[in-house]
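Proteins get letters first, then strands, A, B, ... in listed order; numbering begins at 1 in each. Owing to the predicted nature of the structure, the values given are computational and were not obtained by experimental measurement.
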Amino acid sequence: MHRTHYAAEVSAQEIGKTVAVAGWVDRRRDHGGLIFIDLRDRSGVIQLRVDPSAGPVFSAADRLRPESVIAVEGVVRARPPGMENPELITGAIEIEPMRLAVLSEAKTPPFLPHEEAERVDELVRLRYRYLDLRRPKMLAHFALRNRVVFAFRRYLHEHGFLEVETPALARSTPEGARDFLVPSRLQPGHFYALPQSPQLFKQLLMVAGFDRYYQVAKVFRDEDLRADRQPEFTQVDIEMSFVDQEDVLREMEALVHAVFRESLGVDLEPFPRLTWDEAQRRYGSDKPDLRAGPPLLDLTAAAHRDHWPVLGAAEHVAAVVLPGVNPSRRQWDGLLERARALGAPGLIWLWRGEDLRTNARALGAGFVEALAAAAGIARGDGLLVVGGPRAETCAVAGQLRLEAADAFGLRQSGWKFLWVTDFPLFEWSDEEGRWVSAHHPFTMPHPEDLDRLETDPARVRSLAYDVVLNGVELASGSMRIFQPELQARVFRVLGLSPEAVTAQFGFLLEAFQYGAPPHGGIAFGLDRLVMLMAGAKSLREVIAFPKTARGTDPLTEAPSRVDPRQLRELSLTVVEPS
RNA sequence: GGAGGUGUGGUGUAGUCGGCCUAACACGCAUGCCUGUCACGCAUGAGAUCGCGGGUUCGAAUCCCGUCACCUCCGCCA
């Protein structure tokens, strides 16, 4: 019996013909004298109809269990009038099996791979991942993922990018996330690190003159997990030579447009651009969600000019406009509490209805009117106002904007992309007591800020940029330093001694001395992109065999202890935690 | 490292301010019946000592302490 059709491919055209299908028993409906079997394969389901005249086929069908694997050869029949199922692609036909072979009998599974399995405890789903992946929805996630990767590859291939693999066993570098280490047997006491990104290798490929590179690269970061963070994940890593930032942004935006068109059939709008500074001021975030209502208002000037009570003394005054809402007293109180939890000492709310409602009555009716006027709110609009130090105030207002948008259903649907540019080059690390790279140490400083590199690191911008989609950081990149002297200056600001630099990055700096082109690039978080495209809430829904929040795999029970012999070969001893 | 949530037959849940719980319901499972179903239907039945350990109590799924697992968030993630 050799399969001739996928289940959902059998159509009315085959009526009267003999076909062979194979797959899993999705459901069995036994009417005693008549048995219906839904046979499921990757394409969908088709109904088999077995009646007692079928002899051995009937007795086999009688004993069939859900999720057993069967192969069937039979004649395609039109269903009797009135018996069609419009819900099914194959709902107008059925197969009358002449032969039925049970290829593999299934135990009763812990859950059946129907869509209700969505509600099964996730631990059980992960423990039996192969059953969970049988669900059409999960399959659809991976079909989408495949289309997305294929679209990336097609575009990049067609635009002259070369896919090159870089090592998974690489050198540990101290900057950035915690490394996963791999002990070396041949070099006792030495370790490889799994790459956090192919960053250094792709820059070396630019020095090599490969000009345009990409890689669908698995990368690793040993940090705590989140719904949108797994210890191993996939980047579409890209680098280009002889380009400026504008070239990169234009090419990468075209790439994303192509990926959406090809894999979802969606034509995207051009991406708006915001500088990091604007993003902070208007959204209180470096990854604004443009769907969550209007941007923040900056009322600082009005507050200072008119000497508003309380707010007049604040460094920054930010307001969230809530268009067309009617919050209850309880909801206002909830927002007040959230503001306090986020670190804002106070929050003024007001709402324009018949008259002006507010919690700031005590500050004077005139002030309240002035506030409403300054914000320009219309009837039915609400307003949240916070004041204080600039960065904190923007952050709190930005967070309130998101939470209020969800509370009042203001968050729209759609694909709201944007570029965030001009990230700061450095951030002060209290923990380390020094400046650290905001992106990575090879990021090109903004040319206009070069003269204050040493004198005012906080105000040095960089040629670094992110792609943000619906409030999620989707891609991050930068133009790179390719002059050894400039790189040395940046390392100095970072407090890295020449010796440390030579030890850790000497090979890169040396490479730059042999002729390095100007270059820059970006890396897309593939898993996150697919998650958003699939409308999923967790990366685990778009990774075939993901890890739990504690970094384990309930299916294979990784990580595991290893045989002492293995440890000895690696010159390792385990010190048990006390 | 911290905070919160969850944990009851195979699965999902109810019960959780102690006794009526000899733990209920749905799905699944088993057996039987059923020739047009497609979440088939009907009947009968099996199956959990309530994550684990300890404590309080005459009595604990229920209260207390500890612990484990999973989920979410903060820290962390160049």
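- Within the nucleic acid shown, A/Ala117 has no heavy atom closer than 4.0 Å to any nucleic acid atom.
- The number of heavy atoms from other shown groups lying within 6.0 Å of CD (A/Glu337) does not exceed 12.
- Counting any heavy atom pair closer than 4.0 Å across all strands shown, A/Pro554 reaches no nucleic acid atom.
- When side chains are defined from C-beta on, A/Ser437 does not count as touching A/Thr443, because their heavy atoms never get closer than 4.5 Å.
- Both A/Arg226 and A/Leu123 lie near RNA chain B, and the one whose nearest nucleotide falls closer to the 5' end is A/Leu123.
- In plain terms, the two heavy atoms of A/Arg134 and A/Glu67 that are nearest each other are NH1-OE1, 2.8 Å.
- For B/rC70, one of the phosphate oxygens OP1 or OP2 lies less than 4.0 angstrom from a side-chain nitrogen or oxygen of A/Thr548.
- The distance between the ring centers of A/Phe491 and A/Phe505 falls below 6.0 angstrom.
- Across all strands shown, B/rA46 has no partner, as no Watson-Crick or G-U wobble contact with both distances under 3.5 Å is found.
- Here, B/rU62 and B/rC52 have their P atoms 11 Å apart, quoted to the whole Å.
- In this structure, A/Thr552 reaches the sugar-phosphate backbone alone: every heavy-atom distance under 4.0 Å involves primed, P, OP1 or OP2 atoms, never a base.
- Across all strands shown, A/Glu432 has no heavy atoms under 4.0 Å from either base or sugar-phosphate atoms.
- Taking side-chain N and O atoms only, A/Arg550 has a distance below 4.0 Å to OP1 or OP2 of B/rC70.
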Check the interface with nucleotides 31-36 of chain B: list each N/O to N/O pair with the protein under 3.5 Å, or write none.
unit_1	atom_1	unit_2	atom_2	d
B/rC34	N3	A/Asp30	O	3.1
B/rC34	N3	A/Gly32	N	3.3
B/rC34	N4	A/Asp30	O	3.4
B/rC34	N4	A/Asp30	OD1	3.3
B/rC34	N4	A/Gly32	N	3.2
B/rU35	OP2	A/His31	O	3.4
B/rU35	OP2	A/Gly33	N	3.1
B/rG36	O6	A/Arg49	NE	2.1
B/rG36	O6	A/Arg49	NH2	2.8
B/rG36	N1	A/Arg49	NE	3.3
B/rG36	N1	A/Glu94	OE2	2.9
B/rG36	N2	A/Glu94	OE1	2.8
B/rG36	N2	A/Glu94	OE2	3.3

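- Residue contacts for A/Thr443: at a heavy-atom cut-off of 4.0 Å it reaches no nucleic acid atom on any strand shown.
- With hydrogens and angles ignored, a donor-acceptor pair under 3.5 angstrom links the side chain of A/Asp224 to the base of B/rG75.
- Under 4.0 angstrom from either OP1 or OP2 of B/rU37 there lies no side-chain N or O belonging to A/Arg29.
- The phosphate of B/rA30 has OP1 or OP2 within less than 4.0 Å of a side-chain N or O from A/Arg65.
- Side-chain contact annotation: A/Asp289 with A/Tyr283, donor-acceptor N/O pair under 3.5 Å absent.
- Across all strands shown, A/Val436 has no heavy atoms under 4.0 Å from either base or sugar-phosphate atoms.
- Nucleic acid contact for A/Arg127: none, since no nucleic acid atom lies under 4.0 Å from a heavy atom of the residue.
- Within the 4.0 angstrom heavy-atom criterion, base atoms lie near A/Arg229.
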